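Below, all heavy atoms of this structure are taken into account, side chains as well, without hydrogens, waters or symmetry copies. These numbers were taken from a predicted model, which means no experiment stands behind them.
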Amino acid sequence: MFLSGVIEGFYGPLWTVAERRELLDSMKAWGLNTYVYGPKDDLHHRVLWRECYDAAAAAELGERIRACAERGIRFLYALGPGLDIRYGADADFQALRRRLEQLFDLGCRDFGLLFDDIPDRMHPEDAARWGHLASAQCDLTHRLRDALRERGEVRFHFCPTPYCGRMVAAKHGGEGYLETVGRELDPSIPVFWTGPEIVSEKITLEHAAELARILRRPPLIWDNLHANDYDGRRLYCGPYSGRPPALRGLVAGVLCNPNTEFPANFPALHTFAAWVRNPSDAWDPAEAQRSALSDWLPRFASAGQPVQPEDLALFCDVFHLPYSEGPGAEALRSAFDSLLSADPSTWSTEAVRRFLGPAVRLRDFCVRVSELRDRPLFQALHRRVWELREEIDLDIKYVEHHADPARRGKPFHSDFHLPRTYRGGFVASLQSRLHLRPDGSFSPGNPAAQSTGKGP
Ligand code: GDL
């Protein structure tokens, strides 16, 4: 069975019970078949991996497992013991067994052992026994699976310590890690893989085929395209893209680990599900996005002025995908760039309008967001929208100032964008100190041009 669905597998606040219920309903409606539970900051997933859930948490999990079953969705519980496990310690094995048996008793039959984002070194005794980290992890997976099989039929899944091309190239996990997994892990156990990068812009057929060769099984894609936990300023409301539909024939499945803010995931998951269902090998992300946004628009019912479809589309072009903005955002930025690169006395009315038209629409959309009747959606979008509104408002005022012959040439100030409260704070001051070049290398930046870092 081709696995398609959603991983709750990011860092940061977990989704709520109501959000998960909505997710499962949408997944059923959209034809997605797998939900993976493994949020990094459920303490019992990583830090307290030895401790079983208390009665209340277990009851909630049991309900969720039932809710999945009722909708024909596979529930996969993922456990990440790698931070401090001793692979050879019986006490640790028994703790893992107890953890998974608790889940088994709640109805769970699909398990994942995740060894991502952990130290890639073992205790010397484990190293002496297994030689390779991969061997210790594969052996542990088999032992656990065999123990659980005494209870009934179960399926296991495995996330390697190097889980993308870049980590393998850096020999994370040790020389020959993936080859060892390919040789030693039971071939019926799917192996997670995020692509050439942790957040992969593209996953090609060649890449998947090469992985399948090394792993001796088709990889199970853990897709971080829409994950935003690594940067509090970003949000991804663009369409699923960069993966040819033919990829479906080369992998065991694709599971998306999306934005931490659940309500913002509508376009990501709607377009992803359309990609999964797409009958042909042709894929038009823009078309999928139009369909997703037309279904999303009713959620933007406002207590004030109504939200227009083209404004929602522009917003999603701004908060688009990690490696690209949508066409509306590109056009807005290029209109602004062409004004900034010319002397304001030469600005044509048309060039000013080309910028101000969409900029004002975007600013107005930001105001609309605070008036949304769907308050969880407002909360999910609020911080990013506020920052966007601050910035776009500044740009509009700047352009209006210099487009006005009476004010042009005089310095531009904004009473709402003041030293230290605007773009201030310690983090921003650190950000200005190291400059990231397009080739990925860092060099000293120009902190003097930024805030003094003294407050507020
Ligand atoms: C990761 C983490 C994931 C996180 C994502 C994006 C995997 C296998 N693990 O490396 O939990 O959400 O990056 O930051 O992807």
Side-chain angles (χ1 to χ4, degrees), residues 5-21 23-24 34-71 73-119 122-123 126 136-161 189-190 192 222 255 257 260:
V6 178
I7 310 177
E8 186 174 341
F10 39 77
Y11 293 86
L14 318 191
W15 289 338
T16 65
V17 170
E19 288 172 339
R20 293 181 187 129
R21 202 172 306 124
L23 172 72
L24 297 180
T34 304
Y35 164 71
V36 179
Y37 180 71
K40 291 281 188 285
D41 294 316
D42 172 342
L43 289 176
H44 295 268
H45 171 59
R46 268 159 78 89
V47 181
L48 301 182
W49 63 265
R50 293 178 181 85
E51 290 183 20
C52 286
Y53 286 106
D54 66 18
E60 193 282 313
L61 270 164
E63 268 170 42
R64 211 173 333 147
I65 292 167
R66 268 194 301 284
C68 283
E70 281 162 16
R71 291 163 180 77
I73 293 169
R74 220 178 245 211
F75 175 91
L76 193 160
Y77 185 87
L79 194 55
L83 288 175
D84 61 356
I85 189 171
R86 288 280 311 278
Y87 292 92
D90 189 53
D92 276 357
F93 179 77
Q94 295 307 334
L96 274 172
R97 181 181 185 151
R98 272 195 304 279
R99 286 297 318 280
L100 299 188
E101 283 178 350
Q102 182 186 35
L103 270 298
F104 185 95
D105 291 343
L106 292 168
C108 179
R109 296 293 178 268
D110 286 84
F111 299 95
L113 286 181
L114 306 190
F115 297 107
D116 59 319
D117 295 5
I118 58 166
M122 288 185 284
H123 187 276
D126 290 338
Q137 294 170 342
C138 293
D139 187 35
L140 175 71
T141 307
H142 294 149
R143 283 185 286 138
L144 265 174
R145 184 199 50 186
D146 294 346
L148 264 280
R149 275 188 176 163
E150 290 171 17
R151 294 291 188 99
E153 201 42 56
V154 287
R155 284 176 293 251
F156 268 62
H157 308 73
F158 179 95
C159 181
T161 297
I189 298 178
F192 283 111
W222 169 310
L255 302 166
N257 176 41
T260 309

Below 4.5 Å, heavy atoms only, C-beta onward: do Leu114 and His45 meet side chain to side chain?
yes
When rounded to the nearest 0.5 angstrom, what is the spacing between NE2 in His142 and CD1 in Ile189?
4.5 Å
Please check if the side chain of Thr161 supplies one atom and the backbone of Phe115 the other of a donor-acceptor pair under 3.5 Å.
yes
Does the pair Arg99/Glu51 count as a salt bridge with the N-to-O cut at 4.0 Å?
no
Under 4.0 Å between a Lys/Arg side-chain N and an Asp/Glu carboxylate O for Lys40 and Glu8?
no
Spatial distance of atom CG (Leu140) from atom CG (Leu96) [nearest 0.5 Å]:
6.0 Å
Give every donor-acceptor pair under 3.5 Å between a side-chain atom in residues 63-70 and any protein atom, sequence neighbours left out.
| residue | atom | partner | partner atom | Å |
| --- | --- | --- | --- | --- |
| Arg64 | NE | Glu60 | OE2 | 3.2 |
| Arg64 | NH1 | Tyr35 | OH | 2.9 |
| Arg64 | NH2 | Glu60 | OE1 | 2.7 |

To the closest 0.5 Å, what do you measure between CZ (Arg20) and OG1 (Thr16)?
7.0 Å
Minimal heavy-atom distance between His44 and Cys52, with the atoms involved, is CE1-O, 3.3 Å
When you check the gap from the basic side-chain N to the acidic O, do Asp105 and Arg151 get nearer than 4.0 Å?
yes
In short, Ala78 meets Val36 closest at the heavy-atom pair CB-CG1, 4.2 Å
With sequence neighbours left out, the residues meeting side-chain contact (heavy atoms from CB on, under 4.5 Å) with Arg86 are Ala89, Asp92, His123, Glu125, Asp126
As an exercise, state the distance from OH of Tyr37 to CZ of Phe75, rounded to the nearest 0.5 Å.
8.0 Å
Closest contact, heavy atoms only, Tyr53 versus Asp42:
OH-OD2, 2.6 Å
Which class fits the ring pair Trp222 and Phe192: parallel under 30°, tilted 30 to 60°, perpendicular over 60°?
perpendicular
Rounded distance (nearest 0.5 Å) linking atom CG of Leu113 with atom OG1 of Thr141:
4.5 Å
Please give me the minimum heavy-atom distance between Gly82 and Pro119, naming the atom from each residue.
O-CD, 3.9 Å
Under a 3.5 Å distance rule, please check whether Asp41 uses its side chain to pair with a backbone N or O of Pro13 as donor and acceptor.
no
Test side chain to side chain contact (heavy atoms under 4.5 Å, CB included) on Asp117 and Tyr11 and set out the steps.
CA-CA 11 Å; Asp117 295 5; Tyr11 293 86; 2.4 Å; yes
Ring centroids only, cut at 6.0 angstrom: are Tyr77 and Phe111 within range, meaning strictly under it?
no
Quick one: do the Gln137 and Tyr87 side chains pair a donor with an acceptor below 3.5 Å?
yes
Would you compute the distance between atom CG of Leu255 and atom NE2 of His157 and round it to the nearest 0.5 angstrom?
8.5 Å
Stepwise salt bridge (charged side-chain N to carboxylate O under 4.0 Å, His left out) check, Arg46 with Asp84
CA-CA 9 Å; Arg46 268 159 78 89; Asp84 61 356; over 6 Å; no
Could you tell me which non-hydrogen atom of Leu23 sits nearest to which non-hydrogen atom of Trp15, and how far apart they are?
CD2-CZ3, 3.8 Å
Run through Arg145, Arg143, Arg97 and flag the one making a salt bridge (Lys or Arg N to Asp or Glu O under 4.0 Å) with Glu150.
Arg97
Working note: Trp49 + Leu43, criterion side chain to side chain contact (heavy atoms under 4.5 Å, CB included); need CA distance, chi angles, decisive distance, verdict.
CA-CA 7 Å; Trp49 63 265; Leu43 289 176; over 6 Å; no
